[in-house]
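Here's the structure we're looking at; comments come further down.
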Amino acid sequence: LGVTYGPAFWIHATYSYVLLLLGTILLLQAFRRAPRLYRGQVGVMLVGALFPWIANALHIFGLGPVQYLDLTPFAFMLTGIAIAWGLFRFQLLDVVPAARDTVVEGMGDGVIVLDAQQRIVDLNPAAEAILGLTISDAVGQSWTCAVPNWLGDLNGALAQVPSPPSPCGVERQAQISDGEGPIPRTFEVQISALAQQGGRIAGCLILLRDITEHKRVEETLSLARDQALEASRLKTEFLANVSHDLRTPLNAIQGFADMLHDGVYGSLTEAQYRKVGRIAANARQLTSMVDDLLDQAKIEAGKLEIEEVPFSPAGLMEEVETIMAPQARAKGLQFQTEISDDLPASLSGDPQRIRQVLVNLVNNACKFTQEGHIRLRAYRPDADHWALQVSDTGEGIPKEAHHYIFDPFRRVDGSPTRVHSGVGLGLALVSRLVALMGGHIELDSELGSGSTFTVILPLDPVQAGL
């Protein structure tokens with residue numbers, strides 16, 4: 001029995017081998033590119049594709065176990081078994097649908113896939129809700145025909161996504177509003193090109209994210225910020241106006257009280273003398289509070305200017321001692337001053353504001369110290385700075401109050417029955433003035449152990465003869 005192969009056989013064999021060869025090459029490329037997790041799946045298919053190769057070659061060259069028996073159909077049967085085993089063993093058909101169901105289908109953002117002709121090929125439930133279409137109605141339709149009118153604004157952005165054979169990697173972003181319903185929705189849109197093998201554009205992916213609530217919160221915060229800024233401006237204006245209007249009558253009260261106290265209008269009895277003295281003292285205290293309010297308003301409005309003039313640190317210390325020592329000694333406190341020898345005789349700065357800072361700090365020390373001493377010290381902590389330090393043996397400041405003690409209108413004891421007077425502006429004003437002069441203030445204090453405030457300022461000595 002002889003077998004002769006005619007031209008048709010060889011044409012069919014050649015065609016079959018070409019198909020097998022192309023399929024095998026594609027599987028080899030897929031095996032090389034596939035992540036390790038998927039190589040087993042591709043490997044099973046590759047092995048299955050080799051069975052027809054081997055069986056057909058054995059038959060053509062007469063090397064089969066049974067003469068004239070073509071084993072190729074049996075090889076295809078083994079190929080089917082291998083592919084079926086791969087499907088069920090490696091769950092080839094389960095991985096991608098499960099990932100899509102878990103990730104894409106469950107997304108709150110709308111996902112729409114368009115092909116190169118801008119036809120809808122896929123969309124998730126969120127996109128169905130946004131478009132008002134079901135996937136069966138939308139797939140295959142042109143983008144321009146299927147989407148609502150308000151999404152037509154994206155046509156310009158879609159036109160900028162290049163068509164094949166343009167390079168991939170193009171992405172467009174936009175914000176659009178549907179303009180429908182009692183509360184129009186706002187969407188953030190991202191359009192990304194989808195690339196084929198070789199870098200050609202196969203279509204695009206449209207991601208629609210509802211940012212209506214985010215925009216509403218943004219607008220609410222912006223409105224609240226504007227209202228807070230306006231309230232702060234009005235408060236600053238109010239403080240400035242009230243402080244300015246209060247100074248005139250207070251200065252008159254203090255002036256007449258001082259004149260009565262000094263006997264300008266005649267002698268006073270002992271009781272009258274004490275009463276007038278209390279009037280003058282309280283008028284001075286009120287004037288100081290009003291001055292602090294006015295300065296705070298100027299600082300917040302950015303209208304307080306710092307001077308740069310020569311002054312003597314030793315002379316400044318003497319002035320503060322002259323002003324504050326009587327108040328300390330009236331409470332039975334020792335008032336001590338110390339100035340370091342390495343401090344220059346003349347510095348450049350604003351002596352009026354430095355004096356104001358020291359008077360505030362010493363006044364606080366007198367107010368909160370019942371026994372012991374108050375110490376005022378000037379020294380150089382390093383070559384580029386000089387420091388003014390006010391320490392006392394008073395009641396101290398608790399650690400938890402250190403972070404807010406320099407805030408305006410904040411007091412350690414904020415109760416209405418507090419013993420010590422004041423509006424809580426002194427330390428806030430001190431901190432702001434020191435910052436305007438290019439320095440900073442440090443606090444070292446514990447409850448029951450006294451307090452030490454250290455003001456550190458840039459050292460700017462004035463040369464002799466200038």
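This structure is a prediction, so every number in the text was calculated from the model and none was measured.
Residues His261 and Tyr273 bring their aromatic ring centres within 6.0 Å.
Here the CD-CG distance, from Glu128 to Asp137, works out to 9.0 Å after rounding to the nearest 0.5 Å. Between the CD atom in Gln190 and the CZ atom in Arg209 there is a gap of 8.0 Å [rounded to 0.5 Å]. Between atom CG of residue Leu429 and atom CG of residue Asn360 there is a gap of 6.0 Å, rounded to the nearest 0.5 Å. For the atom pair OG1 (Thr369) and CG (Leu333), the distance works out to 6.0 Å, reported to the nearest 0.5 Å. Atom CD1 of Ile211 is separated from atom CD of Glu188 by 5.0 Å, given to the nearest 0.5 angstrom. Between Ser391 atom OG and Leu376 atom CG the span is 8.5 Å, to the nearest 0.5 Å.
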Check against side-chain hydrogen bond (donor to acceptor under 3.5 Å, both in side chains), Thr454 and Glu442: CA-CA 5 Å; Thr454 305; Glu442 298 174 355; 5.1 Å; no
Pair Gln334-Gln336, side-chain hydrogen bond (donor to acceptor under 3.5 Å, both in side chains): steps then yes or no: CA-CA 6 Å; Gln334 297 180 20; Gln336 305 168 356; 3.3 Å; yes
Intermediate values then yes/no, side-chain hydrogen bond (donor to acceptor under 3.5 Å, both in side chains), Arg355 and Gln352: CA-CA 5 Å; Arg355 184 187 307 108; Gln352 178 185 348; 6.0 Å; no
Asp460/Glu308 under side-chain contact (heavy atoms from CB on, under 4.5 Å): CA gap, chis, key distance, verdict: CA-CA 10 Å; Asp460 187 10; Glu308 287 289 336; 4.2 Å; yes
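Side-chain contact between Pro344 and Val462 is absent, with no heavy-atom pair separated by less than 4.5 Å. Between Leu316 and Leu347 there is no side-chain heavy-atom pair separated by less than 4.5 Å. Annotation: side chain of Phe335 is in contact with side chain of Val362 (closest heavy-atom distance under 4.5 Å). A 4.5 Å side-chain heavy-atom check between Ile456 and Val434 finds every atom pair outside the cut-off. Between Met107 and Leu207 the shortest side-chain heavy-atom distance falls below 4.5 Å. When side chains are defined from C-beta on, Asp384 does not count as touching Leu459, because their heavy atoms never get closer than 4.5 Å. Residues Cys204 and Gln118 are not in side-chain contact: their nearest non-hydrogen atoms beyond the backbone lie 4.5 Å or more apart. Side-chain atoms of Leu304 and Leu433, non-hydrogen and from C-beta on, do get closer than 4.5 Å to each other.
Residue Glu230 places its CD atom among more than 12 non-hydrogen atoms of other residues, nucleotides or ligands, all under 6.0 Å distant. Within a 6.0 Å sphere centred on CZ of Arg377, heavy atoms belonging to other residues, nucleotides or ligands number more than 12. For His402, the NE2 atom counts as densely surrounded, since its 6.0 Å shell holds more than 12 non-hydrogen atoms of other residues, nucleotides or ligands.
Minimum heavy-atom separation, Leu133 to Ala138: CD1-CB, 4.1 Å. The minimum heavy-atom distance between Asn124 and Val111, with the atom names listed, is OD1-N, 2.9 Å. Among all heavy-atom pairs drawn from Leu388 and Ala378, the shortest one is CD2-CB, 3.7 Å. The minimum heavy-atom distance linking Met437 with Pro458 is given by the pair O-CD, 3.6 Å. The minimum heavy-atom distance between Pro313 and Leu343, with the atom names listed, is CB-CD2, 3.9 Å. Between Ala127 and Ile112, the shortest heavy-atom contact is CB-CG1, 3.7 Å.
Contacts of Ser340 classified as side-chain contact (heavy atoms from CB on, under 4.5 Å), with partners at least two apart in sequence or in another chain: Asp342, Tyr379. Applying the side-chain contact (heavy atoms from CB on, under 4.5 Å) test to Ala228 and every residue at least two apart in sequence or in another chain returns nothing.
In this structure, Phe453 and Phe406 have perpendicular ring planes: the angle between them is above 60°, well past the 30° mark.
Between the Thr322 side chain and the Glu318 main chain, a donor and an acceptor come within less than 3.5 Å of each other.
Glu213 has a carboxylate O that lies under 4.0 Å from a charged side-chain N of Arg216, or vice versa, which qualifies the two as a salt bridge. Using a 4.0 Å cut-off between charged nitrogen and carboxylate oxygen, Glu270 and Arg274 count as a salt-bridge pair.
The closest side-chain donor-acceptor pair between Ser451 and Ser445 falls under 3.5 angstrom.
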